[in-house]
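Count residues from 1 along the sequence.
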Amino acid sequence: MQQYILLKKLNVQNANAIAGLTYGFPAITNFLGFAHALSRKLPDKLKIKLGGVAVISHKNIVHARQPKGWGDYVFALTRNPLTQQGNTAPINEEGRMNMQISLLIEVEGLVAGDQTTLQLLQEELNNSIPSMRLAGGQITSFESCEVLNDEQSQQKALRRLMPGFVLLDRSDYLEAHFSTLKAKQENTSLFDAWCDFVKLKFQATPLENQNSESEQVEPAQENEESTKIRVSWKYVVKPNGGYLVPIAAGYYAISELYAAGEVENVRDKTVPVAFAETAYSVGEWQSVHRLKQINNGVWRYTYQYPWYIAKTTSTTTTILEPDIEVQTSDTVFDPDF
């Protein structure tokens with residue numbers, strides 16, 4: 001039976017709230033990276049590795065404000081010290097947030113009933129977690145750290161995580177919606193399908209009775225005949241129900257894989273290198289009480305070149321290719337640009 005580590009109510013301050021084109025919550029890759037970094041900190045003698053991660057959000061507050069007291073929100077940025085010339089230092093916009101989350105991390109290599117290894121594991125986790133960062137933020141405190149090694153303790157843990165919302169993968173919604181749009185309009189792109197889960201849309205429908213005065217009037221354009229058409233504006237429902245959000249789910253390679261040391265000025269010259277861009281998908285926030293099994297909410301990496309994507313279910317179908325028009329100048333990539 002799969003065992004899990006429960007890190008309950010991690011309080012993180014100044015975490016990164018921007019993930020590519022999205023904002024409001026860190027990318028799921030931040031939490032998988034945290035589990036990987038935590039796994040590397042464990043001593044080799046334990047012979048334990050950490051795998052996938054389920055993310056439960058209890059609280060999150062984005063550092064944002066309304067400059068005029070109304071209207072659009074903007075990120076609340078830090079004021080940096082003046083330069084040597086006494087001028088205001090230039091800054092890059094950074095979206096930050098405070099959040100309280102719980103993580104359920106898969107454990108591999110822990111033998112059930114081995115109390116000595118279990119005790120050493122908990123000690124290592126309690127010592128390592130406060131010194132680590134999560135999504136660029138500082139972990140100020142956490143409530144508890146425990147191992148769930150049977151079904152009864154796992155079901156009890158899910159109940160103790162309420163109130164909270166677990167993030168689930170809904171890439172199947174995106175794939176199905178894209179297929180529907182493609183059948184209606186051949187030149188539809190994946191980006192159009194992805195935006196339909198985010199945009200607030202209304203559609204105008206001409207009224208059969210043009211003499212009605214209870215509906216809005218759509219005036220004609222200047223270059224058209226001077227006519228007025230009475231229409232009814234109706235809300236266009238989203239492709240699927242639920243608290244659906246756009247998420248950054250992984251990476252897409254935009255170059256070939258270069259051998260170790262072939263590309264200069266990289267962080268680690270001992271491993272192969274490939275240039276990549278962010279890959280996006282659709283997720284759903286769902287109350288923890290609806291999660292029947294922890295495994296259904298665990299994110300794991302799926303590798304299918306050129307994709308490196310986090311999903312909560314194994315990939316059984318071919319991942320859709322991006323909408324990229326390859327030009328002559330894009331066929332050859334120069335790493336020394």
Any chance the side chains of Gln13 and Asn98 put a donor and an acceptor closer than 3.5 Å?
no

Spacing of Asn30 atom CG and Arg133 atom CZ [to the nearest 0.5 Å]
12.5 Å

In terms of the angle between their ring planes, are Tyr308 and Tyr301 parallel, tilted or perpendicular, with boundaries placed at 30° and 60°?
parallel

Taking all heavy atoms of Val12 and all of Leu134, pick out the closest pair and write down the distance.
CG1-O, 3.7 Å

Check: Phe165 main-chain N/O paired with Tyr243 side-chain donor or acceptor under 3.5 Å
no

Determine whether more than 12 heavy atoms belonging to other residues, nucleotides or ligands lie under 6.0 Å from atom NZ of Lys199.
yes

Can you tell me if Gln155 uses its side chain to pair, donor with acceptor, with the backbone of Lys292 under 3.5 Å?
yes

Mind checking whether Met132 and Ile28 sit in one hydrophobic cluster, side chains of I, L, V, M, F, W, Y counted as touching below 4.5 Å?
yes

A side-chain contact here means heavy atoms from C-beta on lying under 4.5 Å apart; do Lys8 and Leu161 qualify?
yes

Students often mix this up, so state it plainly: with edges at 30° and 60°, are the rings of Phe31 and Phe25 parallel, tilted or perpendicular?
parallel

Kindly indicate, with the supporting measurements, whether the criterion side-chain contact (heavy atoms from CB on, under 4.5 Å) is fulfilled by Leu257 and Tyr305.
CA-CA 10 Å; Leu257 185 64; Tyr305 186 83; 5.5 Å; no

Rounded to the nearest 0.5 Å, how far does CD of Gln100 lie from OG1 of Thr140?
9.0 Å

Any donor and acceptor pair, going by atom type alone, linking the side chain of Trp285 with main-chain N or O of Val245 inside 3.5 Å?
no

Please examine the side chains of Leu103 and Phe34, heavy atoms only from C-beta on, and report whether any two atoms are closer than 4.5 Å.
yes

Judged by atom type as modelled, is there a donor-acceptor pair below 3.5 Å linking the side chain of Gln66 to the main-chain atoms of Gly71?
yes

Should we say atom CG of Asn187 is surrounded by more than 12 heavy atoms from elsewhere, each under 6.0 Å from it?
yes

Distance, nearest 0.5 Å, that separates OH of Tyr235 from CD of Gln203:
13.0 Å

Close side-chain approach of Val282 to Asn240, heavy-atom, < 4.5 Å:
no

Side chains of Asn295 and Gln2, heavy atoms from C-beta outward: is any pair under 4.5 Å?
no

Name the one of Lys49, Gln3, Arg300 that satisfies side chain to side chain donor-acceptor pair (under 3.5 Å) with Glu106?
Arg300

Hey, does the side chain of Asn127 reach the backbone of Glu123 with a donor-acceptor pair shorter than 3.5 angstrom?
yes

same_hphob_cluster(Val55, Val298) at 4.5 Å side-chain heavy-atom cutoff:
no

Test item: Ser102 and His58 side chains (from C-beta on) under 4.5 Å apart, heavy atoms
yes

Taking all non-hydrogen atoms of both residues into account, name the closest pair between Gly24 and Met97 and its distance.
O-CE, 3.6 Å

For Gly136 against Arg96, the heavy-atom pair lying closest together
O-NH1, 4.3 Å

Within this structure, what is the OG-CG distance for the pair Ser281 and Leu190, rounded to the nearest 0.5 Å?
10.5 Å

In Å, rounded to the nearest 0.5 Å, how long is the span from CD1 of Ile105 to CG of Leu7?
4.5 Å

If you look at every heavy atom in Leu158 and Val288, which pair is closest and at what distance?
O-CG1, 3.3 Å

Indicate the atoms forming the closest heavy-atom contact of Asp196 with Lys201, along with that distance.
OD1-NZ, 3.1 Å

Close side-chain approach of Thr22 to Ile247, heavy-atom, < 4.5 Å:
no

Between Gly297 and Leu168, the two heavy atoms sitting closest are CA-CD2, 3.7 Å

Under the side-chain contact (heavy atoms from CB on, under 4.5 Å) rule, what do His63 and Glu94 come out as? Steps first, then yes or no, please.
CA-CA 10 Å; His63 296 177; Glu94 296 179 341; over 6 Å; no

Could you go through the side-chain contact (heavy atoms from CB on, under 4.5 Å) check for His177 and Phe197 one step at a time?
CA-CA 10 Å; His177 182 54; Phe197 290 90; 4.0 Å; yes

Check this for me: Glu277, atom CD, are more than 12 non-hydrogen atoms of other residues, nucleotides or ligands nearer than 6.0 Å?
no

Are Leu50 and Leu32 joined in one hydrophobic group, where the rule is that I, L, V, M, F, W and Y side chains link up if heavy atoms are under 4.5 Å apart?
yes

Compare all side-chain heavy atoms of Tyr280 with those of Leu174 and state whether any distance is below 4.5 angstrom.
no

Flag side-chain contact, heavy atom, 4.5 Å: Trp194 against Ser189:
no

Are there more than 12 heavy atoms of other residues, nucleotides or ligands under 6.0 Å from atom CD1 of Ile61?
no

What is the ring orientation for Phe75 with Tyr23, classed by angle as parallel under 30°, tilted 30 to 60°, or perpendicular over 60°?
perpendicular

Please answer: with hydrophobic residues joined when any side-chain heavy atoms are less than 4.5 Å apart, are Ile56 and Ile5 in the same cluster?
no

Where do Arg160 and Glu146 land on the salt bridge (Lys or Arg N to Asp or Glu O under 4.0 Å) test, with the steps shown first?
CA-CA 13 Å; Arg160 289 192 288 118; Glu146 57 186 285; 3.2 Å; yes

Starting from Val111, can I reach Leu148 by hopping between I/L/V/M/F/W/Y residues whose side chains sit under 4.5 Å apart?
no

Just verifying a value: how many Å separate Leu6 CG and Gln154 CD, rounded to the nearest 0.5 Å?
10.5 Å

